Structure formats: C-alpha cells, structure tokens
Enquirer: 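Have a look at this one before I ask anything.
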Amino acid sequence: MKDMIMKNKDRIMMLGGIVLAGALVATAAFNSKGLPGSVDGEAAFRSAADIQADEYHYFDSEAVALSDTSGDNAELRKDAIEAGDLINEIREENGMNSLDWDLNLEQCAEVRSQEASEVWDHRRPNGSAWNTVNSDIQGGENLAYGQDDPEQVVEDWMDSPTHRDNILYSEFETGAIAVYEDDDGTRYWSQQFGY
C-alpha cells in the first residue's frame with residue numbers, strides 16, 4: 001500500500017485544493033523528477049467569485065494557437081475524452097451533474113499538458129500562474145504524468161484527496177482533458193474545470 005501511495009504521488013499533482021472555512025488548503029508533493037509538485041501559496045482552484053472579482057484578465061492566445069497536443073493525434077484525444085467520460089460517471093455516481101465538455105477549456109488543457117512536460121508545476125514555464133492561459137474560464141486544474149490509459153489517470157486522480165476534491169466539486173459545470181506525449185512516450189495529462 002505504501003508503495004502505491006508513493007507511486008501515485010510521483011505521478012500526479014494538484015496545487016491547492018478547495019476553499020474550506022475561508023482558508024485555502026494547499027498540497028505539497030514531490031515527483032520522481034525531483035521537482036516540487038507545488039508552489040507555496042499557489043492553488044489550482046479558483047471559485048466562481050474569485051474569477052468574477054479578478055481585476056486582471058489573462059488570455060494567452062499565442063500558447064493556445066501553438067498547443068494542439070491531442071487534436072492532431074486521434075488516439076490521444078480519444079483517451080482524453082474517455083477520461084472525461086469516466087469522470088462524469090464518477091460524478092453521477094456521487095449524485096452530481098456531469099461536466100459539459102468545453103472546447104475552450106480543452107485548449108487550456110492542451111497548453112497545460114504540454115507545459116507540464118517542460119516544467120512539472122502549476123506555474124507555467126514563463127513563471128505565471130496555471131490559470132493565465134484563460135483566466136476567465138479556468139476554475140481548477142489537475143495534472144498527471146506517466147499514465148498510459150484513461151482508467152489509470154482517473155484512478156490516480158481519485159486516489160489523491162486534492163484531485164478528488166476538484167473532480168467532486170459540485171459547482172463545476174464544465175471540464176476538459178488533454179494529453180501530450182513527449183518524445184520518450186511519456187504522457188502528460190491536464191484536466192481543466194470551469195463554471
């Protein structure tokens with residue numbers, strides 16, 4: 001059991017978690033690359049009120065234009081959609097709405113899965129926060145790498161309390177997943193949530 005927990009910590013990451021009693025709960029993990037899996041004080045969750053209250057709005061049109069990570073590979077996109085279907089089954093089993101697949105969030109997920117292969121963090125390679133791909137729609141993020149199939153990535157996310165919290169957050173209404181496969185065949189998964 002301990003080996004499985006460490007294996008999962010090595011392969012999945014989510015910065016932050018959920019807002020509980022007004023406090024931001026953050027997770028810290030280290031992956032097998034030796035890089036921190038979280039940024040102090042940075043969370044991969046934003047409430048709808050946080051998004052509406054943002055003074056600044058970010059949209060990285062250049063990154064979106066260059067990021068078609070799974071769209072050009074039918075197998076990767078099929079796996080991403082299958083993972084989304086599995087997430088919806090879990091949400092429905094828990095009495096929640098299923099997430100509507102959002103093409104704009106899919107573009108954000110494509111950017112983030114590719115960026116995660118470069119810098120394993122919820123900070124983007126340019127140092128900005130994970131949600132600056134499109135700050136108007138990104139409410140949450142789960143990342144993972146190394147899983148070869150949708151069942152394994154969903155299982156790993158559900159085995160992690162903070163990833164599970166994002167998946168089972170009842171106010172999320174939209175979502176999307178993208179997969180990027182690097183030159184050595186390692187898959188990087190990004191799940192984006194929205195309101």
Side-chain angles (χ1 to χ4, degrees), residues 1-21 23-47 79-99 105 108-109 111-117 119-124 129-131 138-182 186-194:
M1 179 68 160
K2 187 175 182 180
D3 289 337
M4 179 60 78
I5 291 170
M6 291 306 295
K7 183 177 181 183
N8 288 343
K9 284 182 182 176
D10 285 348
R11 296 190 327 185
I12 58 179
M13 170 182 76
M14 185 187 94
L15 283 169
I18 59 172
V19 175
L20 296 173
L24 186 60
V25 179
T27 63
F30 290 84
N31 65 40
S32 62
K33 296 179 181 182
L35 301 174
S38 70
V39 175
D40 292 337
E42 182 70 28
F45 172 87
R46 298 166 61 227
S47 71
D79 285 352
I81 291 170
E82 185 176 333
D85 291 342
L86 293 170
I87 294 295
N88 279 337
E89 288 176 19
I90 291 167
R91 287 177 62 90
E92 289 169 7
E93 289 169 4
N94 285 275
M96 303 168 70
N97 63 303
S98 58
L99 299 172
L105 281 176
C108 294
V111 170
R112 293 297 299 132
S113 62
Q114 187 170 3
E115 289 179 344
S117 76
V119 176
W120 181 245
D121 202 345
H122 283 286
R123 284 259 173 225
R124 300 181 62 205
W130 61 274
N131 63 297
Q138 289 177 276
E141 174 177 88
N142 287 346
L143 297 176
Y145 78 92
Q147 298 83 353
D148 293 325
D149 60 67
E151 293 82 7
Q152 187 62 57
V153 75
V154 171
E155 181 181 326
D156 286 353
W157 279 333
M158 289 302 291
D159 285 344
S160 164
T162 52
H163 293 82
R164 181 184 177 93
D165 286 346
N166 261 358
I167 289 169
L168 296 178
Y169 185 63
S170 63
E171 292 186 31
F172 285 139
E173 296 178 1
T174 59
I177 298 172
V179 186
Y180 173 74
E181 189 170 282
D182 69 10
T186 302
R187 288 185 171 193
Y188 291 81
W189 302 75
S190 171
Q191 180 178 32
Q192 300 292 316
F193 301 91

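All of these numbers come straight from a predicted model, not from anything done at the bench. The basis for the numbers below is simple: all heavy atoms, side chains too, and nothing from hydrogens, waters or symmetry mates. Sequential numbering from 1 along the given sequence is applied to the chain's residues.
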Enquirer: So, taking the atom named OH in Y188 and the one named OG in S117, what distance separates them when rounded to the nearest 0.5 Å?
Expert: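 Between Y188 OH and S117 OG, I get 6.0 Å after rounding to 0.5 Å.
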Enquirer: Roughly how far, to the nearest 0.5 Å, is the CD atom of E181 from the CG atom of D148?
Expert: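 The CG atom of D148 sits 8.0 Å away from the CD atom of E181.
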Enquirer: To the nearest 0.5 Å, what is the distance between CD1 (I81) and CD1 (I177)?
Expert: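 So the CD1 of I81 and the CD1 of I177 are separated by 10.0 Å.
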Enquirer: Go through it in stages, so that I can follow the logic: the residues are E115 and V119, the test is side chain to side chain contact (heavy atoms under 4.5 Å, CB included), and I'd like the CA-CA distance, side-chain angles, deciding distance and then a yes or no.
Expert: CA-CA 6 Å; E115 289 179 344; V119 176; over 6 Å; no
Enquirer: Parallel, tilted or perpendicular: which describes the rings of W157 and H163, with under 30° parallel and over 60° perpendicular?
Expert: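 W157 vs H163 ring planes: parallel.
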Enquirer: Checking I90 against L168 for the side chain to side chain contact (heavy atoms under 4.5 Å, CB included) test, could you report, in this order, the C-alpha distance in whole Å, the side-chain angles of both residues, the deciding distance, and whether it holds?
Expert: CA-CA 8 Å; I90 291 167; L168 296 178; 4.0 Å; yes
Enquirer: Quick one about N88 and E92 (side-chain donor to acceptor, distance below 3.5 Å, no hydrogens or angles considered), yes or no?
Expert: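 Result is no, nothing qualifies.
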Enquirer: Evaluate the side-chain proximity of V153 to R187: yes if any heavy-atom separation is below 4.5 Å, no if none is.
Expert: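 R187 vs V153: side chains apart.
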Enquirer: Taking the side chain as C-beta and beyond, is there a heavy-atom pair between E155 and M158 under 4.5 Å?
Expert: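 Not touching, per the 4.5 Å side-chain cut-off.
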Enquirer: Can you name the closest pair of heavy atoms from A176 and L105 and give their distance?
Expert: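 The pair with the smallest heavy-atom distance is CB-C, 3.7 Å.
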Enquirer: Quick one: does Q147's side chain have a donor or acceptor within less than 3.5 Å of a partner on Y145's backbone?
Expert: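 Yes, Q147 side chain to Y145 backbone: donor-acceptor pair under 3.5 Å.
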Enquirer: Rounded to the nearest 0.5 Å, what separation is found between the CD atom of E151 and the CD atom of E82?
Expert: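 Rounded to the nearest 0.5 Å, the CD-CD separation comes to 5.0 Å.
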Enquirer: If only side-chain N and O atoms count, and only distance matters, is there a donor-acceptor pair under 3.5 Å linking N131 with Q138?
Expert: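 Checked: Q138/N131 side chains show no N/O donor-acceptor pair below 3.5 Å.
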Enquirer: Nearest 0.5 Å please: distance from the CG atom of L143 over to the CD atom of Q191.
Expert: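 Going from the CG atom of L143 to the CD atom of Q191 covers 9.5 Å.
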Enquirer: Starting from the C-alpha separation in whole Å, work towards a yes-or-no answer on side chain to side chain contact (heavy atoms under 4.5 Å, CB included) for R91 and S98.
Expert: CA-CA 6 Å; R91 287 177 62 90; S98 58; 5.7 Å; no
Enquirer: Does some side-chain heavy atom of F172 sit less than 4.5 Å from a side-chain heavy atom of Q192?
Expert: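 They are not in side-chain contact.
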Enquirer: Among R123, R112, R124, exactly one meets salt bridge (Lys or Arg N to Asp or Glu O under 4.0 Å) together with E141. Which residue is that?
Expert: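 Single pass found, and it is R112.
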Enquirer: If we only count heavy atoms from C-beta on, is the N142 to T162 side-chain gap below 4.5 Å?
Expert: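 A side-chain contact is absent here, since even the closest heavy-atom pair is not under 4.5 Å.
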Enquirer: Looking only at heavy atoms, what is the nearest atom pair of A178 and S113, with distance?
Expert: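 Nearest pair, atom of A178 first, then S113: O-CB, 3.9 Å.
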Enquirer: If you round to the nearest 0.5 Å, how far is CH2 of W130 from CG of D121?
Expert: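 The CH2 atom of W130 is 13.0 Å from CG of D121, to the nearest 0.5 Å.
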